[in-house]
Amino acid sequence: MSKQNPTVMVVEDEWLLLEAISKKLKLEGINAIPYDNGTEALKYLHDSADLPDIIWLDYQLKDMDGLEFINKLKQIEKCAQMPVIVVSNSASEEKVHNMLALGITQYILKAKYRLDEIIQMVRKITDDNKNVK
């Protein structure tokens, strides 16, 4: 996208964490589109012309898991190639493999990184994508 500041859709069902991530992104000059469930996030992506540069997705949401979210995302043509990072508390080898096979950009284990480190990863992905376009 041609926006100066990247926009990140954050899909996280833990409200306090969603709020913390969104605030930290804004402090870093990154626009946040927060959603606490996959259904509403997918509806926004389907209906909106103003799409995010990247999606920050918690793997286990209350209404669906990451596999279901990615499969539904891929059905929205304008979002099929959108970068997605999955940030999760669990990362079995099979789960990570399945998500990467579906085309996610990165799978991050929450416990291994601080919030600011994950945000720097997001910024790098959005900067890299901007340079490719």
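We're numbering straight along the sequence, starting at 1.
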Do [X] and [Y] land in one hydrophobic cluster if side-chain heavy atoms of ILVMFWY residues count as linked below 4.5 Å?
{"X": "Val96", "Y": "Ile108", "result": "no"}
{"X": "Ile54", "Y": "Tyr44", "result": "no"}
{"X": "Val87", "Y": "Leu109", "result": "no"}
{"X": "Leu102", "Y": "Leu45", "result": "yes"}
{"X": "Leu100", "Y": "Phe69", "result": "yes"}

Starting at [atom1] of [X], measure out to [atom2] of [Y] and round the result to the nearest 0.5 Å.
{"X": "Thr7", "Y": "Asp50", "atom1": "OG1", "atom2": "CG", "value": "6.5 Å"}
{"X": "Ile85", "Y": "Leu57", "atom1": "CD1", "atom2": "CG", "value": "9.0 Å"}
{"X": "Asn89", "Y": "Asp58", "atom1": "CG", "atom2": "CG", "value": "7.0 Å"}
{"X": "Ile70", "Y": "Ile104", "atom1": "CD1", "atom2": "CD1", "value": "6.5 Å"}
{"X": "Met64", "Y": "Leu42", "atom1": "CE", "atom2": "CG", "value": "5.0 Å"}
{"X": "Met99", "Y": "Tyr59", "atom1": "CE", "atom2": "OH", "value": "6.0 Å"}

Any idea which heavy atoms bring [X] and [Y] closest together, and the distance?
{"X": "Gln106", "Y": "Met121", "answer": "NE2-SD, 3.7 Å"}
{"X": "Pro6", "Y": "Gly29", "answer": "CD-O, 4.3 Å"}
{"X": "Leu73", "Y": "Cys79", "answer": "CD1-CB, 3.5 Å"}
{"X": "Pro52", "Y": "Ile33", "answer": "CB-CD1, 4.2 Å"}

For [X] and [Y], indicate whether the former's side chain and the latter's backbone hold a donor-acceptor pair under 3.5 Å.
{"X": "Arg123", "Y": "Ile118", "value": "no"}
{"X": "Thr105", "Y": "Val84", "value": "yes"}
{"X": "Asp65", "Y": "Glu68", "value": "yes"}
{"X": "Lys78", "Y": "Ser48", "value": "yes"}
{"X": "Glu117", "Y": "Arg114", "value": "yes"}

Do any side-chain atoms of residues 10-19 form donor-acceptor pairs under 3.5 angstrom with protein atoms, and if so which ones, sequence neighbours left out?
| from | atom 1 | to | atom 2 | distance (Å) |
| --- | --- | --- | --- | --- |
| Glu12 | OE1 | Lys110 | NZ | 3.1 |
| Glu12 | OE2 | Glu14 | N | 3.0 |
| Asp13 | OD2 | Lys62 | N | 2.9 |
| Trp15 | NE1 | Glu19 | OE2 | 3.4 |

- So, is the end of the Lys95 side chain (NZ or CZ) under 6.0 Å from the ring centre of Tyr107 and within 45° of the ring's axis?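 No, cation not above the ring by the 6.0 Å, 45° rule.
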
- Query: Does the side chain of Thr39 pick up a donor-acceptor pair with the side chain of Asp63 at under 3.5 Å?
  - Reply: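 Result is yes, a qualifying pair exists.
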
- Query: Stepwise, does the side chain to side chain contact (heavy atoms under 4.5 Å, CB included) test hold for Asn98 with Glu94?
  - Reply: CA-CA 6 Å; Asn98 288 340; Glu94 180 183 5; 3.6 Å; yes

With a 4.5 Å heavy-atom cut-off, do [X] and [Y] have their side chains touching?
{"X": "Asp53", "Y": "Val8", "result": "no"}
{"X": "Ile55", "Y": "Pro83", "result": "no"}
{"X": "Met9", "Y": "Met82", "result": "no"}
{"X": "Tyr35", "Y": "Leu61", "result": "no"}

- Message: Would Ile119 and Trp56 count as a side chain to side chain contact (heavy atoms under 4.5 Å, CB included) here? Give the steps.
- Response: CA-CA 10 Å; Ile119 289 171; Trp56 173 318; 3.9 Å; yes

- Task: Would you indicate whether Lys74, at its atom NZ, is surrounded by more than 12 heavy atoms from other residues, nucleotides or ligands within a distance under 6.0 Å?
- Result: yes

